[in-house]
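The next block holds one structure in the form of structure tokens; read it before the comments.
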Amino acid sequence: MEIHFWGATRTVTGSMHEVRHGNRRILLDCGLFQGRRSEARERNCCFPFSPGTVDRVVLSHAHIDHSGNLPNLVKQGFDGPIHATAATQDLCRSMLMDSAHLQERDAEYLMRRRDRRKRVVDNYEEPIVEPLYTQEDARKTLALLQDLPMNGTMDLGEGLRAETVEAGHMLGSVSMVLSDDKTRIGFSGDIGRKNLPIIRDPQQMLPCDYLIMESTYGDRLHQDEGSVLDKLADIVNRTAARGGKIIVPSFAVGRTQQLVLLLNQLVMAKRIPSIPIFVDSPLAVNVTDTFRKYSNLFDAETARMLSEDAEGDVFGFSRLRYIRDVEDSKALNHLRGPMLIISASGMCEAGRVVHHLRNAITEPRNTVLLTGFQAENTLGRKILDKWPEVPIFGEMFRLRAEVAKINELSGHADQRELIEWLRPIAGGLKKIFLVHGEARQQAAFKIVVEATYDVEVVVPSRGDAFKAV
Ligand SMILES: [Zn+2]
């Protein structure tokens with residue numbers, strides 16, 4: 001077998017790796033690359049292979065940096081099966097349609113800008129911008145989804161098997177091993193953590209010869225800064241006391257449901273004042289329904305909360321309103337007084353949260369609460385780094401709001417957790433390929449892994465290929 005690295009190399013987005021088995025090509029993930037607009041467009045648009053030659057795709061989980069370029073793969077000729085667990089399939093149904101809608105809107109915006117420039121600049125030339133993919137492409141993609149067992153084995157034909165274990169990173173997420181009679185290639189997907197709200201802990205990884213491994217927090221330790229509930233309560237209480245709004249940019253999938261669950265607990269315990277709480281994201285509304293459907297995947301604590309909840313719904317309570325309609329979203333701008341708004345996207349790159357940030361960020365009473373990883377060059381990273389002014393919709397805005405961060409909800413294992421995750425399989429590994437991490441994290445993690453275990457660690461670049469025999 002051979003492994004080819006096409007995405008999430010020395011960066012955290014655009015997960016896409018290829019395993020060649022004989023003359024068959026299997027893609028592990030097909031994620032969207034996120035970053036500077038022009039670079040992202042070029043990277044996502046152009047596959048370094050002909051999509052029609054790919055035989056099948058196996059998805060580790062539904063996050064858009066792992067699944068979000070599938071409709072483009074289909075648009076450009078792929079028509080094989082896309083294997084994903086049942087929960088991942090349902091999440092993809094919401095997420096890929098939403099992503100297609102955003103792509104269409106993005107293209108419309110660029111076309112309007114082009115037309116404006118054409119009107120004021122003589123002989124202005126700019127090519128027509130097409131969406132990366134459309135909702136029609138997304139619908140065709142969803143028709144190709146097929147089962148992948150959670151914690152089981154599946155035959156991929158011609159002597160190739162896929163085995164999976166629960167990755168504990170988000171609902172439906174798996175780590176996997178592809179194997180024939182000679183070689184076992186592992187793919188970690190994104191590695192979760194113990195004790196995260198809602199989802200179960202990661203299961204022990206299966207033995208393999210070669211491992212493609214994520215390294216998002218390869219150089220960091222998550223600090224144990226007290227209970228996440230205490231921290232969240234403090235932020236809500238101090239912002240409400242000064243009459244401010246709390247804007248929480250959040251991944252619609254996973255992070256939003258965790259926050260809702262925690263806020264539900266704080267409200268029940270009367271630890272925060274009774275302020276209105278909004279989840280302003282049509283995608284989050286749909287995805288929360290999927291979470292409700294897969295309560296069989298909940299961890300023991302959430303299952304207990306569910307059994308004790310009077311309405312049998314841990315994602316709903318009286319002060320909480322889910323907002324689907326765009327007019328209702330705009331109406332939030334005119335509401336006064338303390339409130340908490342959870343809205344996508346998590347790195348503040350798109351979606352309704354950008355409007356809420358524009359409205360809230362210049363006011364010192366308000367708080368921007370970041371709850372997830374902020375990649376380089378994203379608006380979220382600029383806010384996290386407390387730039388005095390940040391660009392929003394092409395204009396600069398003074399950042400006067402408080403910036404708070406909760407790290408405890410990170411769905412990614414930290415350095416120590418990654419090392420422990422490796423322990424049961426490290427003795428049998430011939431090589432580890434680090435992906436899904438920024439170069440600095442990967443360099444540090446390589447040193448720690450090689451000092452801990454007797455295994456070679458490689459940090460591949462895009463386009464690198466290795467024989468796995
Ligand atoms: Zn992920």
Side-chain angles (χ1 to χ4, degrees), residues 193-199 222-252 254-281 284-285 287-289 291-292 295 298-323 328-329 331-332 334-344 346 353 356 360 363-372 401-411:
R193 313 173 58 202
K194 291 181 180 165
N195 303 323
L196 284 176
I198 305 174
I199 51 172
H222 295 315
Q223 284 161 10
D224 189 14
E225 295 163 272
S227 145
V228 60
L229 277 170
D230 293 347
K231 214 165 158 187
L232 183 59
D234 280 352
I235 293 163
V236 174
N237 284 325
R238 70 170 177 261
T239 309
R242 58 180 188 244
K245 295 181 181 179
I246 305 146
I247 308 295
V248 191
S250 167
F251 301 104
R255 189 59 40 84
T256 292
Q257 291 74 29
Q258 290 174 333
L259 286 163
V260 166
L261 193 84
L262 295 171
L263 289 164
N264 189 350
Q265 286 174 281
L266 291 176
V267 168
M268 298 278 285
K270 298 194 168 49
R271 292 185 57 193
I272 53 173
S274 178
I275 62 170
I277 296 171
F278 300 97
V279 173
D280 181 21
S281 153
V285 178
V287 162
T288 304
D289 282 340
F291 272 70
R292 290 182 175 114
S295 58
F298 290 175
D299 62 11
E301 190 188 359
T302 312
R304 184 174 49 74
M305 269 185 78
L306 184 63
S307 69
E308 289 169 2
D309 194 282
E311 272 105 56
D313 179 14
V314 289
F315 302 115
F317 49 95
S318 63
R319 295 300 283 166
L320 173 70
R321 239 184 90 201
Y322 285 93
I323 293 185
D328 292 341
S329 170
L332 293 181
H334 307 298
L335 291 184
R336 306 219 157 266
M339 69 185 77
L340 187 146
I341 302 172
I342 302 172
S343 188
V353 78
H356 296 308
E363 170 56 58
R365 278 182 304 181
N366 297 334
T367 298
V368 180
L369 171 58
L370 298 167
T371 62
E402 178 187 344
V403 178
K405 177 147 176 61
I406 287 182
N407 290 315
E408 287 86 344
L409 294 179
S410 169

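Below, all heavy atoms of this structure are taken into account, side chains as well, without hydrogens, waters or symmetry copies.
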Looking only at side chains, do N407 and S410 share a donor and an acceptor under 3.5 Å apart?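 No, S410 and N407 have no side-chain donor paired with an acceptor closer than 3.5 Å.
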Assess, by modelled atom type and distance only, whether the side chains of S274 and R319 contain a donor and an acceptor separated by less than 3.5 Å.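 Short answer, yes.
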For the residue pair [X] and [Y], what are the closest heavy atoms and their distance?
X	Y	answer
S250	L259	OG-CD1, 3.9 Å
D299	P197	OD2-C, 4.1 Å
P273	A240	CG-CB, 3.9 Å
A284	T256	CB-CG2, 4.0 Å
I323	S329	CG2-N, 3.8 Å
V314	N264	O-ND2, 3.0 Å

Could you walk me through whether M305 and M268 pass the side-chain contact (heavy atoms from CB on, under 4.5 Å) check? CA-CA 11 Å; M305 269 185 78; M268 298 278 285; over 6 Å; no
Mind checking the [atom1]-[atom2] spacing from [X] to [Y]? Nearest 0.5 Å is all I need.
X	Y	atom1	atom2	value
I275	N237	CD1	CG	8.5 Å
Q257	R292	CD	CZ	9.0 Å
L262	L266	CG	CG	7.0 Å
K245	H356	NZ	NE2	8.5 Å
E408	D230	CD	CG	9.5 Å

Any side-chain heavy-atom pair from [X] and [Y] closer than 4.5 angstrom?
X	Y	result
E402	R242	yes
T288	V260	no
I272	V267	yes
F317	L263	yes
L232	L369	yes
Q258	T371	no
I235	I406	yes
I198	F315	yes

Can you establish whether the number of heavy atoms outside E308 located under 6.0 Å from its atom CD is more than 12?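 Yes - once you tally the heavy atoms of other residues, nucleotides and ligands closer than 6.0 Å, there are more than 12.
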Is it the case that the side chain of N366 and the backbone of A401 share a donor-acceptor pair, with hydrogens and angles ignored and the cut-off at 3.5 Å?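 No: the side chain of N366 does not pair with the backbone of A401.
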Do E363 side-chain atoms and R365 backbone N/O form a donor-acceptor pair below 3.5 Å?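 At least one qualifying donor-acceptor pair exists.
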Sequence neighbours left out, cut at 3.5 Å: what donor-acceptor pairs do the side chains of residues 334-344 make with other protein atoms?
from, atom 1, to, atom 2, distance (Å)
S343, OG, D280, O, 2.9
S343, OG, V353, N, 3.3

Please report the C-alpha distance between K231 and D234 in whole Å, then the side-chain angles of each, then the deciding distance to 0.1 Å, and finally whether the salt bridge (charged side-chain N to carboxylate O under 4.0 Å, His left out) criterion is met. CA-CA 5 Å; K231 214 165 158 187; D234 280 352; over 6 Å; no
